[in-house]
Amino acid sequence: MSTGTTRIFGTGRNPVNFVSAVDVAKFVRLAIMDPHLRGATIEVPGPENLTLDQLAAIVESTIGRVGRKRHIPPTGMRLARLLTRPFARVVSAQIAAALVMDSEDMAVDGLPLRAAYPSIPMTTATEVAARMFGSPTADLEP
């Protein structure tokens, strides 16, 4: 059931580098096809570092609706992780990952990779949101 509330795990203020799955797939394809990349390790960052609050604002802007935001504080997240661990290990692990995203340095500079591989675009969160939540013709627009 939709409550009209966006739940943001943590403070929502820690920058995180988000990368489009489509961009990662393009790099996987390149790694398979390009013999120069055999055995190489490529860290694939996204083009921008966003807080969860900023990411929520991008989605709101895309859907044209502003909702309430509720931050789940780290203390509540730690308690929920412990309580869910015995019967919902995946949920507990997701909460643990959210704690890391809220507290560790998750920012990455994507510009060097963009310069090294200019043929692969770095899709922004706004572009992904438009694809996921925008108009049905969003992929057809220039």
Side-chain angles (χ1 to χ4, degrees), residues 1-74 76-78 80-142:
M1 181 170 110
S2 176
T3 63
T5 300
T6 300
R7 286 173 190 81
I8 297 174
F9 289 90
T11 64
R13 295 186 303 264
N14 192 41
V16 176
N17 188 269
F18 291 95
V19 61
S20 162
V22 172
D23 293 355
V24 173
K26 288 178 182 179
F27 271 103
V28 169
R29 183 179 189 283
L30 178 66
I32 291 169
M33 303 303 281
D34 187 343
H36 296 99
L37 294 177
R38 294 230 165 85
T41 301
I42 301 174
E43 292 187 23
V44 183
E48 56 201 343
N49 300 301
L50 300 169
T51 67
L52 292 179
D53 284 343
Q54 290 170 318
L55 187 61
I58 288 170
V59 172
E60 287 176 337
S61 176
T62 302
I63 63 174
R65 190 174 58 205
V66 176
R68 292 174 290 144
K69 290 171 200 62
R70 179 172 173 239
H71 290 84
I72 310 299
M77 293 167 60
R78 286 185 196 93
R81 182 179 56 120
L82 292 173
L83 292 173
T84 58
R85 190 181 308 166
F87 58 89
R89 288 184 122 7
V90 171
V91 172
S92 181
Q94 289 171 333
I95 295 169
L99 281 162
V100 170
M101 287 176 63
D102 189 55
S103 61
E104 300 292 324
D105 181 7
M106 304 293 290
V108 177
D109 180 7
L111 294 179
L113 187 73
R114 176 175 280 195
Y117 300 98
S119 64
I120 298 179
M122 294 181 79
T123 309
T124 66
T126 300
E127 293 167 328
V128 172
R131 226 181 278 145
M132 292 178 69
F133 307 112
S135 67
T137 60
D139 284 336
L140 303 177
E141 296 169 7

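Keep in mind that this is a model prediction, so the values were computed, not measured.
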**Report entry** Partner residues of Ile42 under the side chain to side chain contact (heavy atoms under 4.5 Å, CB included) criterion, sequence neighbours left out
**Finding:** Phe27, Leu37, Val44, Leu113, Tyr117

Query raised in the report: How about Thr5 and Arg68: does a side-chain donor come under 3.5 Å of a side-chain acceptor?
Result: yes

Query raised in the report: Does the side chain of Asp102 pick up a donor-acceptor pair with the side chain of Thr11 at under 3.5 Å?
Result: yes

If we only count heavy atoms from C-beta on, is the [X] to [Y] side-chain gap below 4.5 Å?
X     : Y      : answer
His71 : Asp53  : yes
Lys26 : Pro121 : yes
Val22 : Thr123 : no

Tell me the closest heavy-atom pair linking [X] and [Y], and the distance in Å.
X      : Y      : result
Val108 : Pro45  : CG1-CB, 3.4 Å
Pro47  : Phe18  : CD-O, 4.3 Å
Met122 : Glu127 : O-OE1, 4.1 Å
Gly12  : Ile8   : CA-CG2, 3.8 Å
Gly46  : Asn17  : N-OD1, 2.6 Å
Val128 : Ser20  : CG2-CB, 4.0 Å

Query - Residues that Glu60 engages under side-chain hydrogen bond (donor to acceptor under 3.5 Å, both in side chains), provided they are two or more places apart - result: Lys69

Looking at [Y], is its backbone amide N or carbonyl O close enough to the side chain of [X] to form a donor-acceptor pair, meaning the two atoms are under 3.5 Å apart?
X     : Y      : result
Asn14 : Glu104 : yes
Glu48 : Ala125 : yes
Ser92 : Ala88  : no

Query - More than 12 heavy atoms of other groups within 6.0 Å of Arg85 CZ - result: yes

Rounded distance (nearest 0.5 Å) linking atom [atom1] of [X] with atom [atom2] of [Y]:
X      : Y      : atom1 : atom2 : answer
Thr51  : Arg13  : OG1   : CZ    : 9.5 Å
Ile63  : Met132 : CD1   : CE    : 11.5 Å
Leu52  : Arg7   : CG    : CZ    : 15.0 Å
Arg114 : Asp109 : CZ    : CG    : 11.0 Å

